[in-house]
Amino acid sequence: MIKIGVDYYPEQWNKKEWERDANLMQQTGVRVVRLAEFAWSKLVPEEGVYDFDWLDRIIEIFEERNMELVLCTPTNCPPLWFYEKYPETIQIGRDGQPIALGIRGHRCYNNKVFRQYAQDIIEKMTLRYGHKTSVIAWQIDNEVESNFCCCKSCSDAFQEWLKAKHHTIEAVNEAYGNNVWSGEYSDWSQIKPPFGSYPLGWYNPGYMLDFHRYAAESIAEYVDFQASIIRKNIPHAMITTNTWMCEHIPDYHKLFKNLDFVSYDNYPTTSIPEDSEAYYSHAFHLDLMRGIKQKNFWIMEQLSGTPGCWMPMQATPRPGMIKGYSLQAIARGADTVIHFRWRTAVSGAEMFWHGVIDHSNVEGRRWSEFKDLCDTVNELNEVEESQITNQCAMIYTYEQDCSLRIQPQTEGFHYYNQMKAIHHGLTSLGVGVDIVSEEVELEKYKVVILPTVYIVNPKFVQKVYDFAKNGGIVILTNRSGVKDQNNNCIMEQLPTVYRDLTGCVVEEYDAIGFKKVRVQDKNGIIYEGKQWCDILLPINAEVLATYMDFFYSGKAAITYNKYHKGGAYYIGTVGNKALYRSLLKDALEQGGINYFENLPETVELSVRKTDKVNYIFLFNNSQNKQKFIFMEQTIEMEPFGMYIHKAIKG
Ligand code: GAL
């Protein structure tokens with residue numbers, strides 16, 4: 001069953017509110033409630049003093065109303081008495097100082113004392129509540145990020161990680177090319193996390209990429225540490241952690257490797273820009289989340305009200321957004337959507353990040369829409385058993401992402417933004433895509449898109465060649481084949497390892513940043529390129545489009561090369577939506593994938609499937625009504641409306 005839930009903070013409310021809140025939730029149609037991710041100080045008010053009575057009571061209140069629960073380990077926020085007693089557990093920032101206490105998330109994951117106390121509270125909670133059938137899932141901590149702590153424990157852990165990987169200090173020097181600028185290490189103790197206020201891009205790129213790798217493994221290890229305690233006490237537990245698009249992104253694939261399901265905190269924008277090129281739907285993030293484990297996922301926090309607090313308040317969700325964005329997540333593979341939060345806080349730093357219900361505690365417009373969402377979803381019984389399968393994949397890797405953040409290639413270029421633009425092209429054609437890692441089995445797809453495969457992974461390169469050889473269609477973009485595994489440049493003509501596949505080389509490149517370039521295809525249609533221009537020299541490849549500006553006017557910008565039974569496109573610039581749309585149509589046709597030419601620009605199609613039924617979701621991701629013909633039927637949609645069509649398979 002697909003379920004709607006809410007995040008609830010009983011510790012922030014007077015006990016008198018609890019039953020009233022639970023009654024109203026029940027009447028609203030809420031099925032799941034998430035509790036306790038920040039409640040450590042209420043559970044352990046003093047060293048050795050535990051208070052579970054309040055949590056027992058609130059759990060009982062929800063159980064009496066047949067509501068299900070997600071319990072969280074409260075390790076994001078150790079109590080202040082703990083930090084006072086064990087100041088060495090506070091994270092050290094890049095300035096070498098302990099980070100200021102007062103907000104949240106100050107603990108160092110690697111500190112042994114912290115781990116000991118974390119283990120204690122997790123043991124207590126799991127032993128107390130593990131037998132409860134009402135507890136359907138456990139959330140570890142809250143929005144953990146890659147570990148950038150610079151404390152002694154973390155420095156030591158980083159050195160150990162390096163020793164295990166490189167074995168000798170000479171090998172580290174060789175890998176990072178430390179002969180540049182007299183950078184050779186003579187002892188492991190000289191290798192520390194990246195201290196200092198200057199940009200991370202000023203460090204040696206080989207060192208920085210290794211640091212990111214270590215940081216991501218470190219946080220995944222912390223999550224696994226918690227998961228193993230939960231599992232020891234509750235072998236059948238369903239365990240997750242909630243992630244988001246944070247500054248120090250984790251390696252999502254490693255973070256969730258040993259967990260049961262992915263959950264994501266989904267806050268789509270409430271202010272849609274006029275310029276449709278500038279706007280992109282959260283469908284991309286949802287596809288990325290589904291791709292991590294290649295199965296359905298949860299939303300642990302979903303937009304419910306005006307965002308604020310960390311910045312000035314933004315527009316309140318327009319009518320239709322609360323219901324529509326939640327259903328959009330379901331359409332893209334979410335099986336449970338928990339809304340942040342039931343009632344808006346009246347105190348604390350986040351008092352203006354609004355929930356379903358305002359400070360007034362009166363059921364208003366957003367609550368009514370949320371109730372309507374619950375009513376709709378509580379009728380969707382069969383949809384949960386369904387999965388999403390696509391014939392098109394796009395490869396995302398943590399390594400490319402980090403390495404392009406470490407050394408931004410040109411002004412305005414961002415790995416994600418290029419992926420989003422390509423994804424937008426696919427969405428406009430009603431084509432579903434799985435955003436997956438290099439570990440994926442390529443053979444189950446017909447078209448595979450490789451946006452900026454900058455760091456070369458030889459095993460993956462072989463997979464790509466085999467895929468194309470056997471008939472697969474590959475789309476590569478600019479800045480591919482640039483670096484080896486040590487984040488050093490490869491001394492060969494670009495796209496280096498992909499040269500035979502693409503049948504072309506890059507003669508020279510131009511990082512045009514915020515300038516625009518015109519690109520003309522074989523039919524004379526002119527598109528806009530930006531940020532980057534690879535000036536291509538075809539060897540075997542056919543030229544599909546040429547540049548019209550700068551000293552390389554007339555030279556190839558986009559090529560296609562037939563490779564055995566398949567083939568490869570190479571796009572030398574960063575295109576606009578129209579460019580990707582046109583090129584994708586060619587690639588999809590070659591791959592034998594159907595697309596919808598005439599969907600309105602803002603309508604997103606996705607399909608959840610069972611053996612017998614296809615549930616076709618059409619989501620109007622805009623503030624305007626839409627009327628169009630789809631499968632010989634006239635469809636009229638309200639702003640942010642969702643139309644679900646059940647097609648029985650013949
Ligand atoms: C999330 C976080 C929540 C809350 C929310 C709104 O990132 O997990 O605790 O802060 O954002 O800001």
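Computed from heavy atoms alone, side chains included, the values below leave out hydrogens, waters and symmetry copies. Both ligands and their constituent atoms are indexed starting at 1 by order of listing. Predicted model, so just to flag it, every value in this text is computed and none were measured. If you read the sequence from its start, that first residue is 1, and numbering goes on from there.
Residues V377 and K3 fail the side-chain proximity criterion, which asks for heavy atoms closer than 4.5 Å.
Just one residue in the list R107, Q226, E37 forms a side-chain hydrogen bond (donor to acceptor under 3.5 Å, both in side chains) with T75, and that residue is Q226. Of the candidates F256, W298, W138, F261 forms a ring-ring contact (aromatic ring centres under 6.0 Å, His included) with just one, namely W298.
At least one N or O atom of E143, backbone or side chain, sits closer than 3.5 Å to an N or O atom of ligand 1. Any N or O atom pair closer than 3.5 Å counts here, and E301 shares at least one such pair with ligand 1. In terms of N/O distances under 3.5 Å, ligand 1 is approached by N142.
In the candidate list R341, H354, E37, R104, R104 is nearest to atom 9 (O) of ligand 1, counting heavy atoms.
From the protein, the heavy atom lying nearest to atom 10 (O) of ligand 1 is E350 OE2, 2.4 Å.
Below 30°, between 30° and 60°, or above 60°: for F148 and H212 the angle between ring planes is above 60°, a perpendicular geometry.
Listed by number with element, the atoms of ligand 1 under 4.0 angstrom from any heavy atom of D265 are 8 (O).
Using a non-hydrogen distance threshold of 4.0 Å, F340 registers as a contact of ligand 1.
Taking the centre and axis of the six-membered ring of Y50, the NZ or CZ atom of K124 falls inside the cone set by 45° and 6.0 Å.
Heavy atoms of F38 found under 4.0 angstrom from ligand 1 belong exclusively to the side chain.
In this structure, I103 places its CD1 atom where only 12 or fewer heavy-atom neighbours from other residues, nucleotides or ligands lie under 6.0 Å away.
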